[in-house]
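In what follows, a single structure is set out as C-alpha coordinates and then discussed.
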Amino acid sequence: VQVSSNAWAQDFMDAADLVVIGSGLGKGYSIPTGTAQTKVLPWSNINRLRVLFTEPVDLSTVVVSGPSANVILHGTVNTGTPPTITAAAIDPIDGALVLALSKSIPTANLRLEIKDSVKSLAGIALDGEFNTGDSLPSGNLSAGQPFNFRFTVNPGDANQNGVVNGSDAGLAYFAFGKQPGQALYSIFIDINGNAVINGSDAGIAYFNFGATPPVALPGSVAAPPAMSSLSAIDRAFSQLDEDEDDLLVEGIVDELVSF
(Lines give C-alpha, C1' and ligand atoms only; values in the text may rest on other atoms or scores of the structure.)
Protein backbone atom coordinates (compact mmCIF):
# COMPACT_ATOMS: atom_id res chain seq x y z
CA VAL A 1 0.00 0.00 0.00
CA GLN A 2 1.41 3.36 -1.00
CA VAL A 3 0.36 6.92 -0.31
CA SER A 4 0.81 9.48 -3.06
CA SER A 5 -0.39 12.86 -4.31
CA ASN A 6 -0.94 14.58 -7.61
CA ALA A 7 0.74 17.61 -5.99
CA TRP A 8 4.03 15.87 -5.25
CA ALA A 9 7.08 16.72 -7.34
CA GLN A 10 8.54 13.82 -9.31
CA ASP A 11 11.94 14.06 -7.57
CA PHE A 12 10.14 13.80 -4.24
CA MET A 13 8.28 10.70 -5.40
CA ASP A 14 11.54 9.19 -6.64
CA ALA A 15 13.09 9.75 -3.20
CA ALA A 16 9.99 8.44 -1.39
CA ASP A 17 9.88 5.32 -3.59
CA LEU A 18 13.60 4.64 -3.11
CA VAL A 19 14.41 4.80 -6.81
CA VAL A 20 17.08 6.85 -8.56
CA ILE A 21 16.28 10.54 -8.17
CA GLY A 22 15.60 12.00 -11.58
CA SER A 23 14.57 8.65 -13.07
CA GLY A 24 10.88 9.56 -12.98
CA LEU A 25 10.01 6.06 -11.79
CA GLY A 26 8.79 6.95 -8.31
CA LYS A 27 5.11 6.39 -7.57
CA GLY A 28 4.75 7.21 -3.89
CA TYR A 29 5.69 6.14 -0.36
CA SER A 30 5.23 2.51 0.66
CA ILE A 31 3.77 2.25 4.15
CA PRO A 32 5.90 -0.19 6.13
CA THR A 33 4.57 -3.22 7.95
CA GLY A 34 5.59 -4.55 11.36
CA THR A 35 6.03 -2.14 14.26
CA ALA A 36 6.54 0.79 11.87
CA GLN A 37 3.08 0.44 10.32
CA THR A 38 1.46 2.79 12.84
CA LYS A 39 4.12 5.53 12.66
CA VAL A 40 2.41 8.72 11.53
CA LEU A 41 2.79 10.00 7.98
CA PRO A 42 3.65 13.74 8.00
CA TRP A 43 2.57 14.91 4.54
CA SER A 44 -0.11 17.56 4.10
CA ASN A 45 -1.50 16.67 0.67
CA ILE A 46 -1.92 12.89 0.41
CA ASN A 47 -4.83 12.41 -1.98
CA ARG A 48 -4.11 9.05 -3.62
CA LEU A 49 -3.59 5.48 -2.47
CA ARG A 50 -1.94 2.72 -4.50
CA VAL A 51 -2.28 -1.00 -3.85
CA LEU A 52 0.12 -3.36 -5.60
CA PHE A 53 -0.98 -6.89 -6.51
CA THR A 54 0.94 -9.89 -7.80
CA GLU A 55 -1.70 -10.68 -10.42
CA PRO A 56 -3.72 -8.34 -12.66
CA VAL A 57 -6.83 -7.05 -10.91
CA ASP A 58 -10.18 -7.09 -12.68
CA LEU A 59 -11.14 -3.43 -12.42
CA SER A 60 -14.75 -4.31 -13.20
CA THR A 61 -14.96 -6.01 -9.78
CA VAL A 62 -13.83 -2.86 -7.94
CA VAL A 63 -16.62 -0.67 -6.51
CA VAL A 64 -15.68 2.45 -4.53
CA SER A 65 -19.05 4.00 -3.69
CA GLY A 66 -22.61 3.08 -2.84
CA PRO A 67 -24.02 0.17 -0.82
CA SER A 68 -22.05 -2.40 -2.83
CA ALA A 69 -18.67 -0.68 -2.33
CA ASN A 70 -15.88 -3.19 -1.81
CA VAL A 71 -12.89 -0.82 -1.60
CA ILE A 72 -13.51 1.59 1.26
CA LEU A 73 -11.43 4.12 3.21
CA HIS A 74 -12.68 4.33 6.79
CA GLY A 75 -11.41 7.19 8.95
CA THR A 76 -11.66 9.13 12.19
CA VAL A 77 -10.70 12.80 12.32
CA ASN A 78 -10.52 15.50 15.00
CA THR A 79 -12.61 17.95 12.97
CA GLY A 80 -14.60 17.74 9.76
CA THR A 81 -14.92 14.53 7.81
CA PRO A 82 -12.37 12.04 6.47
CA PRO A 83 -11.82 11.75 2.71
CA THR A 84 -13.56 9.10 0.67
CA ILE A 85 -12.48 7.17 -2.41
CA THR A 86 -13.94 8.77 -5.53
CA ALA A 87 -12.41 6.76 -8.37
CA ALA A 88 -10.29 3.70 -9.13
CA ALA A 89 -7.96 2.95 -12.02
CA ILE A 90 -5.21 0.52 -12.94
CA ASP A 91 -1.70 1.87 -13.45
CA PRO A 92 -0.66 0.54 -16.88
CA ILE A 93 3.00 0.40 -15.83
CA ASP A 94 2.94 -1.68 -12.65
CA GLY A 95 -0.69 -2.81 -12.48
CA ALA A 96 -1.34 -1.06 -9.18
CA LEU A 97 -4.88 -0.22 -8.17
CA VAL A 98 -4.84 3.59 -7.93
CA LEU A 99 -7.47 5.14 -5.66
CA ALA A 100 -8.29 8.85 -5.95
CA LEU A 101 -9.51 10.56 -2.77
CA SER A 102 -12.10 13.30 -2.38
CA LYS A 103 -9.57 15.57 -0.63
CA SER A 104 -6.18 15.54 1.03
CA ILE A 105 -6.00 13.50 4.21
CA PRO A 106 -6.04 15.68 7.36
CA THR A 107 -4.92 14.48 10.79
CA ALA A 108 -6.64 11.11 10.88
CA ASN A 109 -6.58 7.43 11.71
CA LEU A 110 -7.51 5.42 8.63
CA ARG A 111 -8.30 1.89 7.59
CA LEU A 112 -8.26 0.77 3.98
CA GLU A 113 -10.66 -2.13 3.48
CA ILE A 114 -10.61 -4.29 0.35
CA LYS A 115 -13.33 -6.93 0.38
CA ASP A 116 -12.89 -10.36 -1.12
CA SER A 117 -15.36 -9.58 -3.89
CA VAL A 118 -12.42 -7.86 -5.59
CA LYS A 119 -10.96 -10.46 -7.94
CA SER A 120 -8.11 -11.05 -10.31
CA LEU A 121 -8.62 -11.28 -14.05
CA ALA A 122 -8.49 -15.04 -13.51
CA GLY A 123 -11.47 -14.78 -11.16
CA ILE A 124 -9.52 -15.49 -7.95
CA ALA A 125 -10.99 -13.80 -4.86
CA LEU A 126 -8.87 -11.86 -2.38
CA ASP A 127 -7.17 -13.82 0.38
CA GLY A 128 -6.94 -10.87 2.71
CA GLU A 129 -6.46 -11.90 6.33
CA PHE A 130 -4.09 -9.39 7.90
CA ASN A 131 -3.61 -7.92 11.38
CA THR A 132 -1.93 -4.58 12.05
CA GLY A 133 1.79 -5.20 12.50
CA ASP A 134 1.78 -8.46 10.56
CA SER A 135 4.27 -9.15 7.83
CA LEU A 136 3.03 -9.84 4.35
CA PRO A 137 1.67 -11.67 2.41
CA SER A 138 -1.78 -11.53 3.88
CA GLY A 139 -4.06 -14.53 3.84
CA ASN A 140 -4.25 -18.07 5.15
CA LEU A 141 -3.55 -19.85 1.87
CA SER A 142 -7.23 -19.93 1.00
CA ALA A 143 -9.15 -17.37 -1.06
CA GLY A 144 -11.64 -15.32 0.90
CA GLN A 145 -11.75 -12.71 3.71
CA PRO A 146 -11.18 -8.95 3.33
CA PHE A 147 -7.90 -7.10 3.63
CA ASN A 148 -7.78 -4.33 6.26
CA PHE A 149 -4.79 -2.02 6.57
CA ARG A 150 -4.47 0.72 9.17
CA PHE A 151 -2.35 3.88 8.89
CA THR A 152 -2.23 7.34 10.47
CA VAL A 153 -1.63 10.79 9.01
CA ASN A 154 -0.62 13.89 11.00
CA PRO A 155 0.46 16.69 8.62
CA GLY A 156 3.53 18.55 9.84
CA ASP A 157 4.75 15.82 12.19
CA ALA A 158 8.20 15.62 10.62
CA ASN A 159 9.77 13.58 13.42
CA GLN A 160 6.77 11.23 13.46
CA ASN A 161 6.41 11.31 17.25
CA GLY A 162 2.65 11.80 17.22
CA VAL A 163 2.44 15.53 17.94
CA VAL A 164 3.18 18.57 15.77
CA ASN A 165 5.29 21.15 17.59
CA GLY A 166 8.29 23.44 17.32
CA SER A 167 10.67 20.52 16.89
CA ASP A 168 9.08 19.69 13.55
CA ALA A 169 9.35 23.27 12.31
CA GLY A 170 12.92 23.37 13.59
CA LEU A 171 13.83 20.37 11.43
CA ALA A 172 12.60 22.27 8.39
CA TYR A 173 14.63 25.36 9.23
CA PHE A 174 17.73 23.27 9.96
CA ALA A 175 17.47 21.62 6.51
CA PHE A 176 16.33 24.80 4.74
CA GLY A 177 16.90 24.70 1.00
CA LYS A 178 17.85 21.03 0.84
CA GLN A 179 16.62 18.94 -2.07
CA PRO A 180 16.41 15.18 -2.75
CA GLY A 181 19.86 13.62 -2.87
CA GLN A 182 21.49 16.31 -0.73
CA ALA A 183 22.76 15.88 2.82
CA LEU A 184 20.16 16.69 5.51
CA TYR A 185 17.27 16.28 3.08
CA SER A 186 14.50 13.98 4.30
CA ILE A 187 11.19 13.17 2.68
CA PHE A 188 9.63 13.36 6.14
CA ILE A 189 10.64 17.02 6.53
CA ASP A 190 9.48 17.91 3.00
CA ILE A 191 5.91 18.16 4.27
CA ASN A 192 4.33 19.39 1.03
CA GLY A 193 6.34 17.08 -1.22
CA ASN A 194 7.62 19.82 -3.54
CA ALA A 195 11.20 18.44 -3.49
CA VAL A 196 12.70 21.32 -1.50
CA ILE A 197 12.60 21.96 2.23
CA ASN A 198 11.71 25.57 2.93
CA GLY A 199 9.50 27.90 4.91
CA SER A 200 6.36 26.35 3.49
CA ASP A 201 7.13 23.11 5.28
CA ALA A 202 7.84 24.90 8.55
CA GLY A 203 4.65 26.90 8.03
CA ILE A 204 2.55 23.74 7.82
CA ALA A 205 4.03 22.58 11.13
CA TYR A 206 3.25 25.94 12.76
CA PHE A 207 -0.28 25.97 11.31
CA ASN A 208 -0.95 22.49 12.72
CA PHE A 209 0.86 23.18 16.01
CA GLY A 210 -0.32 20.83 18.72
CA ALA A 211 -2.09 18.42 16.37
CA THR A 212 -2.27 14.80 17.50
CA PRO A 213 -4.10 11.88 15.85
CA PRO A 214 -7.61 11.10 17.09
CA VAL A 215 -7.93 8.68 19.98
CA ALA A 216 -10.67 6.74 18.21
CA LEU A 217 -9.83 4.20 15.53
CA PRO A 218 -11.94 3.82 12.38
CA GLY A 219 -14.33 1.05 13.32
CA SER A 220 -13.73 -2.41 14.64
CA VAL A 221 -12.47 -5.25 12.52
CA ALA A 222 -13.12 -8.82 13.61
CA ALA A 223 -9.96 -10.83 14.03
CA PRO A 224 -9.34 -12.97 10.95
CA PRO A 225 -9.21 -16.75 11.25
CA ALA A 226 -6.03 -18.15 12.73
CA MET A 227 -3.17 -18.41 10.25
CA SER A 228 -0.59 -21.10 9.83
CA SER A 229 2.48 -20.86 12.04
CA LEU A 230 4.62 -20.64 8.92
CA SER A 231 6.96 -17.69 8.73
CA ALA A 232 6.09 -14.99 6.21
CA ILE A 233 8.66 -16.35 3.79
CA ASP A 234 7.59 -19.98 4.23
CA ARG A 235 3.97 -18.95 3.89
CA ALA A 236 4.66 -17.08 0.66
CA PHE A 237 6.46 -20.02 -0.89
CA SER A 238 3.85 -22.47 0.38
CA GLN A 239 1.16 -20.40 -1.27
CA LEU A 240 3.00 -20.38 -4.54
CA ASP A 241 3.51 -24.12 -4.31
CA GLU A 242 -0.11 -24.93 -3.45
CA ASP A 243 -1.83 -22.63 -5.90
CA GLU A 244 0.10 -20.86 -8.60
CA ASP A 245 -3.02 -18.94 -9.55
CA ASP A 246 -3.54 -17.30 -6.15
CA LEU A 247 -3.52 -13.54 -6.51
CA LEU A 248 -1.27 -11.61 -4.17
CA VAL A 249 -1.26 -7.91 -3.47
CA GLU A 250 2.28 -6.61 -3.71
CA GLY A 251 2.10 -3.74 -1.32
CA ILE A 252 3.79 -2.24 1.62
CA VAL A 253 7.54 -1.94 1.04
CA ASP A 254 7.32 -4.30 -1.92
CA GLU A 255 6.11 -7.19 0.23
CA LEU A 256 3.12 -9.33 -0.60
CA VAL A 257 -0.52 -9.29 0.38
CA SER A 258 -2.40 -12.28 -0.93
CA PHE A 259 -5.57 -12.92 -2.85
Task: Closest non-hydrogen atom pair, Leu99 against Ala88 - done: CD2-CB, 3.8 Å
- [ ] State, with a plain yes or no, whether a side-chain heavy atom of Phe12 is found less than 4.5 Å away from one of Tyr185.
- [x] yes
Task: Glu113 (side chain) donor-acceptor with Asn148 (main chain) under 3.5 angstrom - done: no
Task: Donor-acceptor under 3.5 Å (Asn154 side chain, Pro213 main chain) - done: no
TODO: Write down the atom of Asn198, the atom of Ala172, and the distance for their closest heavy-atom approach.
DONE: O-CB, 4.4 Å
Open item on the list: For the backbone of Ala216 and the side chain of Thr76, can you confirm whether one donor and one acceptor N or O come within less than 3.5 Å of each other?
Closed with: yes
Task: Common cluster, Ile85/Ile114, ILVMFWY with side-chain heavy-atom separation under 4.5 Å - done: yes
Task: Of Thr81, Thr84, Asn45, Asn47, the residue whose pairing with Lys103 passes side chain to side chain contact (heavy atoms under 4.5 Å, CB included) - done: Thr81
TODO: Walk me through it: do Glu55 and Leu121 pass the test side-chain contact (heavy atoms from CB on, under 4.5 Å)?
DONE: CA-CA 8 Å; Glu55 299 291 339; Leu121 287 176; over 6 Å; no
Open item on the list: Is any side-chain heavy atom of Ile105 closer than 4.5 Å to one of Pro82?
Closed with: no
Open item on the list: Rounded to the nearest 0.5 Å, what separates atom OH in Tyr206 from atom CZ in Phe209?
Closed with: 8.5 Å
TODO: Report yes or no: does Asp17 contribute a side-chain atom to a donor-acceptor pair with the main-chain N or O of Asp14 at less than 3.5 Å?
DONE: no
Open item on the list: So which atom in Leu101 and which in Pro83 form the shortest heavy-atom distance, rounded to 0.1 Å?
Closed with: CB-CB, 4.3 Å
- [ ] For residues Val98 and Ile90, determine if any side-chain heavy atom of one lies less than 4.5 Å from a side-chain heavy atom of the other.
- [x] no
TODO: Check the hydrophobic clustering (I, L, V, M, F, W, Y; side-chain heavy atoms under 4.5 Å; chains of links allowed) and say if Phe151 and Ile72 are grouped together.
DONE: no
- [ ] Determine yes or no for a side-chain-to-main-chain donor-acceptor pair under 3.5 angstrom, with Arg111 supplying the side chain and Pro218 the backbone.
- [x] yes
Open item on the list: When you group the ILVMFWY residues by side-chain heavy-atom contacts below 4.5 Å and let the links chain together, are Trp8 and Ile197 in the same group?
Closed with: yes
Open item on the list: Hydrophobic clustering (ILVMFWY, side-chain heavy atoms < 4.5 Å, transitive) - are Tyr29 and Leu171 grouped together?
Closed with: yes
Open item on the list: Is it the case that the side chain of Asn70 and the backbone of Val63 share a donor-acceptor pair, with hydrogens and angles ignored and the cut-off at 3.5 Å?
Closed with: yes
TODO: Spell out, as yes or no, whether a donor-acceptor pair under 3.5 Å connects the side chain of Asp168 to the backbone of Asn159.
DONE: yes
Open item on the list: Tell me if a side-chain donor or acceptor on Asn192 pairs with a main-chain N or O of Ser44 at a distance below 3.5 Å.
Closed with: no
Open item on the list: Can you confirm whether Ser30 sits close enough to Gln2 that some side-chain heavy atom of one is under 4.5 Å from a side-chain heavy atom of the other?
Closed with: yes
- [ ] Determine whether Val1 and Phe147 make a side-chain contact, defined as any pair of heavy atoms from C-beta on separated by less than 4.5 Å.
- [x] yes
TODO: Please check if the side chain of Asp157 supplies one atom and the backbone of Asn161 the other of a donor-acceptor pair under 3.5 Å.
DONE: yes
TODO: Search all heavy atoms of Asp116 against all heavy atoms of Ala125 and return the closest pair with its distance.
DONE: O-CB, 3.3 Å
Task: Residue pair Met13 / Lys27: nearest heavy atoms and the distance that separates them - done: SD-O, 3.6 Å
Task: Donor-acceptor pair, side chain of Asn208 and main chain of Pro155, under 3.5 angstrom - done: yes
Open item on the list: A side-chain contact here means heavy atoms from C-beta on lying under 4.5 Å apart; do Val51 and Leu112 qualify?
Closed with: yes
- [ ] Evaluate the ring planes of Phe188 and Trp43, with Trp represented by its six-membered ring, and classify them as parallel (under 30°), tilted (30 to 60°) or perpendicular (over 60°).
- [x] parallel
Task: Heavy-atom side-chain contact between Thr107 and Thr212 under 4.5 Å - done: no
